[in-house]
Amino acid sequence: MWIVFISPPGAGKGTQSERLVRALGLPHLSTGEMLREAMQTESPLGQAAAEYMHSGQLVPDHLVMDILQQRLDEHDCNQGCLLDGFPRTLCQAELLHELLERRGTPLDRVLALDVDREELVRRMLQRQRPDDTPETIAQRLEVYQAETAPLLDYYRRQDLLLTVDGMQSPDEVFRSLMAGLDQVRRRHGHEPEDPS
Ligand code: B4P
């Protein structure tokens with residue numbers, strides 16, 4: 001099962017992804033987490049990524065693809081995974097499409113959360129991550145609109161998009177996401193159960 005999760009920064013992708021991978025038994029591939037780990041170990045890739053992340057910019061596509069490709073080549077991703085925060089640009093979406101075509105495994109569903117701008121800012125300021133200053137938050141929201149939001153139409157046209165109201169409580173958001181995945185889960189032999 002191949003699932004993509006794209007939403008504005010701070011919408012709750014990371015929060016919901018952790019719950020989804022537990023329920024679905026999928027590997028969780030968060031490009032944000034991978035980049036933060038690379039920064040912590042001060043690897044060359046992490047050092048290159050740091051200046052972009054700290055200024056609210058997207059990390060260049062080729063760096064993100066390098067780190068993701070290595071992880072996708074690992075054995076546990078043979079049957080699919082949840083891609084959290086990837087793709088974030090049209091170029092990344094097209095590279096993902098080619099990669100999945102080569103594997104002969106189509107994308108099953110694209111999840112998105114809808115959250116008001118004021119609430120996004122409030123959530124990011126509250127979680128106190130080093131890249132969450134008022135300046136970088138404003139920059140990231142702008143970059144999201146310009147680079148990532150067009151992907152919603154891209155996937156809507158392919159009939160893959162499921163948008164859920166992310167203003168609800170974390171439990172309600174999770175229930176809506178799981179209900180929206182019923183069809184995909186049946187296709188992959190998972191009998192949907194009550195996720196509460
Ligand atoms: P990410 O790590 O993907 O993080 P994010 O988009 O900022 O947040 P997320 O949506 O996961 O929100 P969270 O669950 O934490 O990206 C970080 C950076 O990495 C990017 O800015 C970029 O520079 C770089 N990057 C990553 N992927 C890239 C790519 N593919 N290409 C280029 N660059 C890339 O939730 C936020 C807060 O809200 C939390 O405190 C949570 O507890 C709270 N919350 C969650 N759900 C809630 C709810 N329903 N109600 C109330 N609060 C809630």
Side-chain angles (χ1 to χ4, degrees), residues 1-22 24 26-40 43 45-46 48-50 52-54 56-74 76-103 105-115 120 124 129 131 136 139-158 160-164 166 177 180-181 184:
M1 194 186 304
W2 290 88
I3 298 177
V4 152
F5 206 160
I6 43 178
S7 299
K13 290 182 297 293
T15 306
Q16 294 298 328
S17 292
E18 280 175 26
R19 302 174 72 156
L20 287 170
V21 294
R22 267 201 308 274
L24 301 171
L26 287 175
H28 178 193
L29 272 62
S30 156
T31 41
E33 277 301 315
M34 289 179 204
L35 292 165
R36 278 189 289 279
E37 272 168 30
M39 281 194 320
Q40 263 166 14
S43 67
L45 189 144
Y52 296 98
M53 291 179 76
H54 289 140
Q57 298 295 334
L58 291 181
V59 174
D61 292 333
H62 69 279
L63 294 179
V64 176
M65 286 314 292
D66 275 357
I67 201 166
L68 184 75
Q69 183 71 61
Q70 282 173 29
R71 181 64 185 90
L72 283 173
D73 286 342
E74 288 177 30
D76 63 333
C77 294
N78 283 350
Q79 302 301 319
C81 68
L82 175 76
L83 289 161
D84 165 5
F86 178 91
R88 266 173 150 101
T89 63
L90 199 51
C91 171
Q92 291 179 13
E94 284 168 353
L95 289 168
L96 176 65
H97 177 72
E98 286 167 23
L99 193 147
L100 292 179
E101 269 209 329
R102 281 200 299 278
R103 286 176 170 242
T105 50
L107 199 54
D108 288 292
R109 183 64 83 225
V110 175
L111 307 175
L113 299 176
D114 203 9
V115 177
L120 293 172
M124 282 188 273
R129 217 169 61 188
D131 57 335
T136 58
Q139 181 63 31
R140 287 160 72 196
L141 289 170
E142 212 170 290
V143 170
Y144 172 80
Q145 283 308 329
E147 304 277 344
T148 311
L151 293 182
L152 300 179
D153 262 344
Y154 172 84
Y155 285 123
R156 193 176 288 119
R157 283 197 298 272
Q158 297 175 36
L160 287 171
L161 187 69
L162 169 75
T163 305
V164 160
L177 290 169
L181 287 171
V184 174

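Remember, it's a predicted structure, so these values are computed and weren't measured experimentally. All values below were derived from every heavy atom in this structure, side-chain atoms included, with hydrogens, water molecules and symmetry-related copies excluded.
- In this structure, Leu83 CG and Gln92 CD are separated by 10.5 Å, a value rounded to the nearest 0.5 Å.
- Of the possible donor and acceptor atoms, one in the side chain of Asp108 sits under 3.5 Å from a partner among the backbone N and O of Trp2.
- Summarising the local packing, NE2 of His97 is surrounded by 12 or fewer heavy atoms from other residues, nucleotides or ligands at distances under 6.0 Å.
- The minimum heavy-atom distance linking Val184 with Met1 is given by the pair CG1-CG, 3.8 Å.
- Once rounded to the nearest 0.5 Å, the distance linking CG of Leu181 with CG of Leu82 reads 9.0 Å.
- Under the 4.5 Å side-chain criterion, counting only non-hydrogen atoms from C-beta, Asp131 is in contact with Arg140.
- Side-chain contact between Leu111 and Ile3 is present, with at least one heavy-atom pair separated by less than 4.5 Å.
- Minimum interatomic distance between Pro27 and Arg71 (heavy atoms only, all atoms of both residues): CB-NH2, 4.1 Å.
- Around atom CD of Gln79, no more than 12 heavy atoms belonging to other residues, nucleotides or ligands sit under 6.0 Å away.
- Between Pro8 and Leu113, the shortest heavy-atom contact is CD-O, 3.6 Å.
- Side-chain contact between Leu177 and Arg19 is absent, with no heavy-atom pair separated by less than 4.5 Å.
- Here the CG atom belonging to Asn78 is positioned 6.5 Å from the CZ atom belonging to Arg103, to the nearest 0.5 angstrom.
- Taking every heavy atom of both residues into account, Ala38 and Leu45 meet most closely at CB-CD2, 4.0 Å.
- A 4.5 Å side-chain heavy-atom check between Glu33 and Arg36 finds at least one atom pair inside the cut-off.
- Checked options Leu95, Leu96, Val4, Leu29; the residue passing with Phe86 is Leu96 (criterion: side chain to side chain contact (heavy atoms under 4.5 Å, CB included)).
- Of all heavy-atom pairs spanning Thr136 and His54, the tightest one is CG2-O, 3.0 Å.
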Please set out all donor-acceptor pairs under 3.5 angstrom arising from side-chain atoms of residues 141-154, sequence neighbours excluded.
unit_1	atom_1	unit_2	atom_2	d
Thr148	OG1	Arg88	O	2.7
Asp153	OD1	Arg156	NH1	2.6

query: So Asp73 and Gln69, side-chain hydrogen bond (donor to acceptor under 3.5 Å, both in side chains) or not? Walk me through it.
result: CA-CA 6 Å; Asp73 286 342; Gln69 183 71 61; 3.2 Å; yes

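- Summarising the geometry of Val64 relative to Ile67, their closest heavy-atom pair is O-CG2, 3.2 Å, with the distance given to 0.1 Å.
- A heavy-atom distance below 4.5 Å is not found between the side chains of Leu35 and Leu63.
- Between Leu99 and Leu68 the shortest side-chain heavy-atom distance does not fall below 4.5 Å.
- Remark: Ser17 engages Asp84 in a side chain to side chain donor-acceptor pair (under 3.5 Å) (not counting sequence neighbours).
- Checking side-chain atoms of Lys13 against main-chain N and O of Ser7 turns up a donor-acceptor pair under 3.5 Å.
- Of the inter-residue distances, the one linking Thr89 atom OG1 with Glu94 atom CD reads 8.5 Å to the nearest 0.5 angstrom.
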Stepwise side-chain contact (heavy atoms from CB on, under 4.5 Å) check, Leu20 with Leu26: CA-CA 8 Å; Leu20 287 170; Leu26 287 175; over 6 Å; no

